[in-house]
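Residue numbering restarts at 1 for every chain, and letters A, B, ... go by the order of the sequence lines.
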Amino acid sequence: MKYEVVVGGKLRVVELARVDEEWQISLDGNDLDVSVVEVAPHTFSVLLKGESHQIRIVPRPDGTLTLHSGLAEYHGEVTDPRLWRGRRHGALEAEGRQQITAPMPGKVVRLLLQEGDAVEAGQGLLVVEAMKMQNEIRSPKSGRVEKLFAKEGLAVNAGDVLAWVE
Amino acid sequence: MKYEVVVGGKLRVVELARVDEEWQISLDGNDLDVSVVEVAPHTFSVLLKGESHQIRIVPRPDGTLTLHSGLAEYHGEVTDPRLWRGRRHGALEAEGRQQITAPMPGKVVRLLLQEGDAVEAGQGLLVVEAMKMQNEIRSPKSGRVEKLFAKEGLAVNAGDVLAWVE
Amino acid sequence: MFRKILIANRGEIAVRILRACRELGIRTAVVFSEADRKSLHVRLADEAYLIGPAASRESYLRIDKIMDVVRRAGCDAIHPGYGFLAENAALPRACVEAGITFIGPSAEAMEALGAKTSGRQLARRADVPTVPGTNDPLEDPQHAQDLARGMGYPVLLKAVAGGGGKGMRLVTSDSEFAAAFREASSEALNAFGDASVYLEKYLDKPRHIEIQILADAHGRVVSLGERECSVQRRHQKVIEEAPSPIMTPELRKRMGDAAVRLARAGGYTNAGTVEFLVDTHYNFYFLEVNTRLQVEHPVTEQVTGLDLVKLQIAIAAGHRLPFAWETITPRGHAMEVRLYAEDPENNFFPSPGKILSQHTPSGPGIRVDEGVYEGWTVPIDYDPLLSKLIAWGNSREETIARLRRGLEEYSITGIKTNSGLFRRILADPDFVRAEIHTKWLDELLRRPHPLAQDGTSGEEAAAVAAAVWQATHNGANLAAPTPGGNTGVSESEWKREGRRQQRERLL
Amino acid sequence: MFRKILIANRGEIAVRILRACRELGIRTAVVFSEADRKSLHVRLADEAYLIGPAASRESYLRIDKIMDVVRRAGCDAIHPGYGFLAENAALPRACVEAGITFIGPSAEAMEALGAKTSGRQLARRADVPTVPGTNDPLEDPQHAQDLARGMGYPVLLKAVAGGGGKGMRLVTSDSEFAAAFREASSEALNAFGDASVYLEKYLDKPRHIEIQILADAHGRVVSLGERECSVQRRHQKVIEEAPSPIMTPELRKRMGDAAVRLARAGGYTNAGTVEFLVDTHYNFYFLEVNTRLQVEHPVTEQVTGLDLVKLQIAIAAGHRLPFAWETITPRGHAMEVRLYAEDPENNFFPSPGKILSQHTPSGPGIRVDEGVYEGWTVPIDYDPLLSKLIAWGNSREETIARLRRGLEEYSITGIKTNSGLFRRILADPDFVRAEIHTKWLDELLRRPHPLAQDGTSGEEAAAVAAAVWQATHNGANLAAPTPGGNTGVSESEWKREGRRQQRERLL
C-alpha cells in the first residue's frame with residue numbers, strides 16, 4: 001500500500017507491506033528501520049531508529065488529522081494515490097464552493113443568515129449548541145449562502161452538512 | 001433465555017428477555033426492578049431496587065466464575081438448562097475421574113509422579129513454571145494417576161489437560 | 001455522623017464526593033438523568049436513582065425530584081457539589097423543611113454573601129476592600145466625571161443592567177470621559193433598554209487570588225490559604241495553583257483575615273471561597289464569594305493535606321474545627337489543569353463522543369479527579385469538564401515539570417481535549433516566570449501559535465503512523481471521497497458513533 | 001547533570017524511573033526483550049532497544065548487550081531499578097570500565113554491604129546489633145548446646161549451606177537440643193551435601209522494619225526514616241507502610257543512627273535500605289542491606305515529599321545532599337499494596353494473559369505506580385508484579401480507608417489479581433490494630449476464609465450479571481460441555497488468547 005502523507009507541511013510517500021505481524025515500511029523510497037504497533041485504539045508505538053514515539057491520531061471533521069506525539073502536535077493528511085480524484089490540500093480549500101459541516105454533535109439554535117444572503121469571511125452563519133455552550137459556525141470565505149440545510153431546532157451530528165457557501 | 005445460576009451457594013433461576021437496548025429480568029419467577037448494562041468488557045453496572053452494584057466477572061479454569069462486587073466476592077456458576085447434560089456442581093467434583101488442567105499458561109518443569117502411581121489427595125503431581133515461580137499442581141483426590149499428558153519441558157496453556165486421576 | 005448522603009450532581013465532582021463518603025463509611029446515593037445511566041458516578045455509588053431526561057432543567061435542576069429521592073432512599077444529608085443547584089438557596093430551604101442536612105451554608109448566608117451586590121455591601125461593612133467604584137447608577141455626566149477624577153484613571157464605565165461587555169468603556173484620561181459616557185449610555189440603552197451606567201476602578205493586569213475558608217457551626221472560621229487562578233480563558237479558570245507565586249506571609253495573613261471577617265459578617269458556615277483581584281502593587285479587592293466547594297479545591301488539599309469534602313461533611317454534622325488547622329502552612333506547590341472535551345485547534349468547539357481509549361497518568365505527585373472512563377460516551381448535554389489533572393511538587397518548578405510529564409502521558413482518543421492548550425501554557429516563559437494576570441491567556445491565544453513540534457524524527461514517526469492508521473482503520477472512507485474534499489472522515493467510526501448516540505437519545 | 005540515562009529494567013519500576021528522568025529533562029533509553037515490544041516502558045521511553053528473546057538470561061540479565069546499547073545510544077548513566085542486575089557488582093564494574101555512571105553504590109560497597117555474611121561482619125564492627133547467633137559452622141553438639149543456653153531459648157538451628165527451610169530446626173528448650181541438632185545436620189547433609197549448621201536467636205513475632213538511607217559522594221549520609229514491611233507471604237513483602245505504627249522518635253533515631261553508621265562503615269553511596277527485625281521488646285537486629293531502590297520506596301516518598309529516584313540521580317551526578325533533609329519528619333501516613341497477576345483463591349498461581357479492561361483508581365491520597373495497561377498481554381516470562389497502589393492519609397486510619405476505597409475502584413478483567421487478598425488483610429482486626437509480624441499473614445492464610453459478601457442484594461445482582469454475561473459472552477461454550485464438566489470455558493477468549501500468545505512466542 002502506498003500513501004501520500006502530509007505532516008508538518010511536508011509531503012511524504014509512505015509504502016507499507018505487511019510481513020507476518022509486522023509492517024515493512026519505506027519512506028520516500030528508502031527502507032526504514034522502524035517498528036509500528038497499535039497499542040491502544042488509534043494509538044501507535046513507533047520505534048524509529050531507536051527513538052520511541054507514541055503517536056495518537058485524532059481525525060478532524062475536515063478530513064485532516066491531528067497527530068499527537070508526547071508534547072508535540074502535528075497537522076496531517078493522508079491520501080491514497082490509487083483513489084486520488086483531484087483532492088486538494090488545506091491551503092486551497094477556501095476557493096470554490098465550501099461545504100460547511102457541523103464540527104460536533106449538537107442542536108441548531110439560531111440561523112444568522114438566510115439562503116441567498118451575502119456573507120463575509122469569518123461572519124457567523126448559524127449557532128450550534130452543545131455541552132451548555134453556544135458555538136457560532138462561521139463562513140470560511142466571503143461569498144453567498146448558496147444553500148442552508150440547517151434549521152432551528154435541528155439535531156446535528158459531527159460532519160453533517162449545514163450549508164454551502166459559494 | 002433461562003439460566004440456572006449458583007451464587008454464594010444458592011441456586012437461582014434467572015430469565016432474560018431483551019427489550020430494545022435493555023434487559024427484562026426475572027429472578028426465581030419474580031420480575032425484578034433492575035437495570036443491567038455492560039460498562040466495560042466483563043464489567044456490569046447493575047441497578048437493583050435503587051442499589052448500584054458493579055459486578056466484574058472472572059471465569060476460572062474449572063468453568064466456575066468469581067464475581068467481584070466492590071469489596072465482596074462470590075463464587076458462581078451458570079448453567080443453561082437447555083444444554084444440561086448431567087453437569088454437576090462443585091461439591092461433587094472430587095468423585096470419579098478427575099481431569100487435572102493447567103491453571104495458567106506455563107512450562108512443565110518437573111513430573112513428580114508416573115502413570116500408574118498411587119496418589120494422595122493434596123499430593124503434588126507435577127510442577128509448572130510461570131512468571132518466575134514454580135507452581136506445584138496437586139491431586140484433588142486420592143487414587144491413581146490414570147494418565148499423564150504432561151511431559152517435562154512442555155509449554156501448556158491455561159485449561160490444557162495435564163493428567164487424569166481416578 | 002450521617003448514614004447516607006445524597007449527591008445531587010454528576011461528573012467528576014460527584015465521584016470526588018462519593019470517594020470521601022466511602023472513606024468515611026457513609027453510604028452514597030446519586031441521581032442521574034437518562035443520558036447518564038453509564039456515567040462513572042452511577043457505577044461507583046451505592047445507590048442510584050433516575051430523575052428524568054437529559055436536559056438539566058428536567059433532572060439535575062429539579063429540587064422536587066431530588067427531595068423525592070432523598071425521602072425514598074432515606075438519606076439524611078445532601079451534598080450539592082458545584083454548579084447545578086449548589087448556589088440555589090431554594091435547596092437549603094427545601095432541606096430545612098424536609099428535616100434533611102444541607103452540606104453547605106444556610107440559605108440566608110448563601111443569599112447574603114453569594115449575590116454580587118449584597119456581597120459587596122457586606123464587604124464594605126466588614127472593612128474588606130472592594131474595587132473602588134459606584135454601585136449606584138450615575139445620571140449626571142459631570143458628577144460622574146468628578147467621581148472618576150477622584151478615583152484616578154483608568155476607570156471602567158459599566159452598564160448597570162448589563163453584562164458581556166455591552167455598554168462598557170475603558171477611559172484612560174479625563175479628556176476621553178464625556179464621549180465615553182455618552183457611548184456607554186447609548187449602547188446600554190440599545191442593548192438592555194436601560195441607559196444607566198456606573199463607574200469602577202480599572203485594574204491593569206490584575207491577578208485572581210482566592211481564599212479558601214472553613215467555618216463551623218460553633219463560631220470558628222479559618223482560612224486554609226490562597227489559590228491563584230489568574231489563567232483564565234474568557235473569564236473561565238483553566239489552571240489554578242497554590243500557593244500563589246506572588247504571596248508573602250504578610251499578604252496571606254491580611255487576605256485571610258479579610259476573608260474570615262467577611263464570612264463572619266455573613267454568618268457563614270461550611271466551606272466557601274472569597275475571591276479577590278490583586279493589582280500590581282499587591283492591593284487586593286473583594287470580587288465575590290462562592291458559597292460552595294470550588295472546582296479547584298484539590299490544589300488546596302494537596303498543599304495542606306486536608307480533605308475538604310470530609311471537612312464539609314464534618315462541619316455539616318456539627319463537628320468543631322480543631323484549632324490546629326488555623327495554623328496550617330502549605331507544603332510544596334500544587335497546580336491543577338481542567339481537561340475539557342473541546343478542541344483548542346478549532347475555536348474550542350465542544351467535542352462530545354465516545355472515548356475509544358484512555359490512558360491516565362499516575363505516579364509520584366500526580367492526582368487525577370476524573371469523571372469519565374474508556375468506552376464511555378461523553379454526552380452532549382452537560383458541561384465539557386472531563387477530569388482534572390493535579391500535580392504536586394516541592395517547588396513550583398517541580399510541579400510544572402510533573403504536570404507536563406502527566407500531560408505527556410495523558411492520552412484520550414475518540415474525542416478531542418484541550419490538553420494541547422496546557423502544553424502551550426506550561427511551556428510559555430511568562431507562565432514559567434509566573435508573570436500572569438486575568439487577561440494573560442486571552443492575549444496568548446491571540447498570538448499566532450505554531451504547533452509544538454519535536455523535530456524530523458517525530459514528524460517521520462507521525463507520517464508512518466498516519467499511513468498505518470489509514471491502512472488499518474480508515475481505508476473504507478476514501479473509496480468515495482466527498483466532492484467538497486473536506487469531509488473525508490464522514491463515514492468514519494466517529495460519525496457512526498455520533499449517529500448511534502443520537503439514535504439512543506431519540507429512543 | 002546527565003544527558004541520557006539507560007534504564008536497565010522493565011515493568012513498573014522502569015516506568016517510575018523514566019517519569020523522574022522526564023521531570024528532570026533527561027532523555028531516557030530503555031531496553032526490551034521480544035516479549036516486551038508493547039510494554040509500557042517501551043511506549044513511554046524516548047528511546048528503546050531490543051536486546052534479545054523473552055528469557056531474562058538472554059536479555060535483561062545480559063550485561064554485554066546492555067553496555068552495547070549504552071554505547072550505541074550514547075547514554076552517560078545507567079539506572080538498574082530493582083531485581084535483574086540491580087545487585088550484581090559486575091554491572092557497576094562494567095560501567096567504570098566504560099566510563100559510564102552507575103546510579104547506585106560502587107561495586108565494592110555493593111559487595112561489602114550486600115552480601116549477607118560480609119554485611120553482618122560489617123554490622124558487628126559498626127556496633128549495629130545483629131540477631132544473636134554464630135555465623136560460623138558448629139561441629140561439636142555439646143559446644144553448640146552451651147552457646148544456645150547462653151543465648152537463651154528459643155533458638156534456631158540453620159544449615160550453613162542452606163535456604164528454603166531445609167536443615168532448619170526451632171529449639172524451644174534445652175532438652176530438645178541434642179535431637180534437633182542431629183536432625184538438622186542430617187537434613188542439611190542430604191539437601192546440600194554439607195552437614196554444618198549454625199545457631200541463631202529465634203525472635204518471636206518479629207517485625208520487619210527497614211531504614212531508607214541516602215549517602216552522597218561527599219561523606220553525608222542521612223536517614224529518611226523507616227518503613228514497616230511485616231506483612232509478608234512466604235518471606236515476600238505484600239504491604240508496606242510508613243511510619244511504622246510502633247515507632248517512637250527515640251527508636252527511630254537509634255535505628256536511623258545504626259543504619260547511617262553501617263552505611264558509613266561500608267563506604268556506601270546513593271540510596272540503600274538497611275533491614276532490621278524488631279522484637280516485641282523493641283530491640284532491633286540487623287538483617288541485611290538492599291543496595292538499591294526498593295519496591296516499596298513510594299511510601300517513604302509520600303510521607304517525606306521527596307522523590308527518591310531524582311535524589312539517586314542527583315547523588316550519582318555528584319551533587320551534595322542539602323543538610324535540611326536530615327531533619328525531615330514524616331507527614332501523615334502512607335501504605336502500599338503490591339498488585340500481582342496471581343490468584344489468591346487458587347494457591348496464588350500466576351495469572352498472565354491479556355488485560356481486557358482496566359479501571360485504575362485515583363483522587364485524593366491515591367497514587368498508582370503501574371507497569372501495565374488495558375489491552376496489553378501480561379507475559380508469562382517475568383515477575384507477576386503489575387502495579388503498586390499507594391495511599392496517603394493524615395492518619396493510619398484514613399490511609400487504610402483510602403486504600404480500601406482504591407481497591408474497591410480497582411478493576412482489572414481478563415487476568416486475576418491478588419486484590420482480594422488485600423481486601424481481606426485491610427479488613428482484619430489485627431491489621432487495623434497494627435498487631436502484625438512477619439509470620440502474621442501466613443497464619444491468616446491458614447485460617448478458613450469465607451469469601452467477603454455484602455448481603456442478599458449483592459448476591460442477586462451478581463446472579464443477574466452472571467446470567468447476562470453468559471447470554472452475551474459465553475453462550476457458545478456450553479454448546480459442547482466437556483465430559484469432565486470442569487473445563488466449561490476451555491474455548492473461551494481467555495484460552496484463545498493464551499494460544500495466540502503461545503504462537504507469538506514460538507514465532
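Contacts of T304(D) with chain C are made by backbone atoms alone, with heavy-atom separations under 4.5 Å and no side-chain atom involved. Within the 4.5 angstrom heavy-atom criterion, no atom of K388(D) approaches chain C. Contacts between E370(D) and chain C at a heavy-atom distance below 4.5 Å involve the side chain alone, from C-beta outward. Residue E12(C): no heavy atom, backbone or side chain, is found under 4.5 Å from chain D. Of the two parts of E397(D), neither the backbone nor the side chain holds a non-hydrogen atom closer than 4.5 Å to a non-hydrogen atom of chain C. For E408(D), the part sitting under 4.5 Å from any heavy atom of chain C is the side chain, from C-beta outward, and nothing else. Proximity to chain C is absent for every atom of P298(D), based on heavy atoms less than 4.5 angstrom apart. In this structure, no portion of R404(D) lies under 4.5 Å from any heavy atom of chain C. Neither the backbone nor the side chain of L389(D) has a heavy atom closer than 4.5 Å to any heavy atom of chain C.
By number of non-hydrogen pairs under 4.5 angstrom with chain D, the leading residue of Q358(C), Q302(C), R367(C) is R367(C). Of the listed residues D307(D), L44(D), T360(D), the one with more heavy-atom pairs under 4.5 angstrom with chain C than any other is D307(D). Among the candidates G375(C), G305(C), G25(C), A401(C), the residue making the largest number of heavy-atom pairs closer than 4.5 Å to chain D is G305(C). Note on E398(C), E301(C), H359(C), R331(C): by heavy-atom pairs under 4.5 Å with chain D, the leading option is R331(C).
Summarising the geometry, atom CZ belonging to R405(C) is positioned 11.0 Å from atom CG belonging to L24(D); distances are rounded to the nearest 0.5 Å. Note that CD of E23(C) and CD1 of I400(D) are 12.5 Å apart. Values are rounded to the nearest 0.5 Å. For the atom pair CG (N394(C)) and NZ (K310(D)), the distance works out to 8.0 Å, reported to the nearest 0.5 Å.
Ion pairing between R19(C) and E409(D) holds under the 4.0 Å rule for side-chain N and carboxylate O.
Looking at heavy atoms from C-beta onward, I366(C) lies out of side-chain contact with S362(D) at the 4.5 angstrom threshold.
In terms of heavy atoms, D369(C) sits closest to P364(D) at OD1-CD, 4.0 Å.
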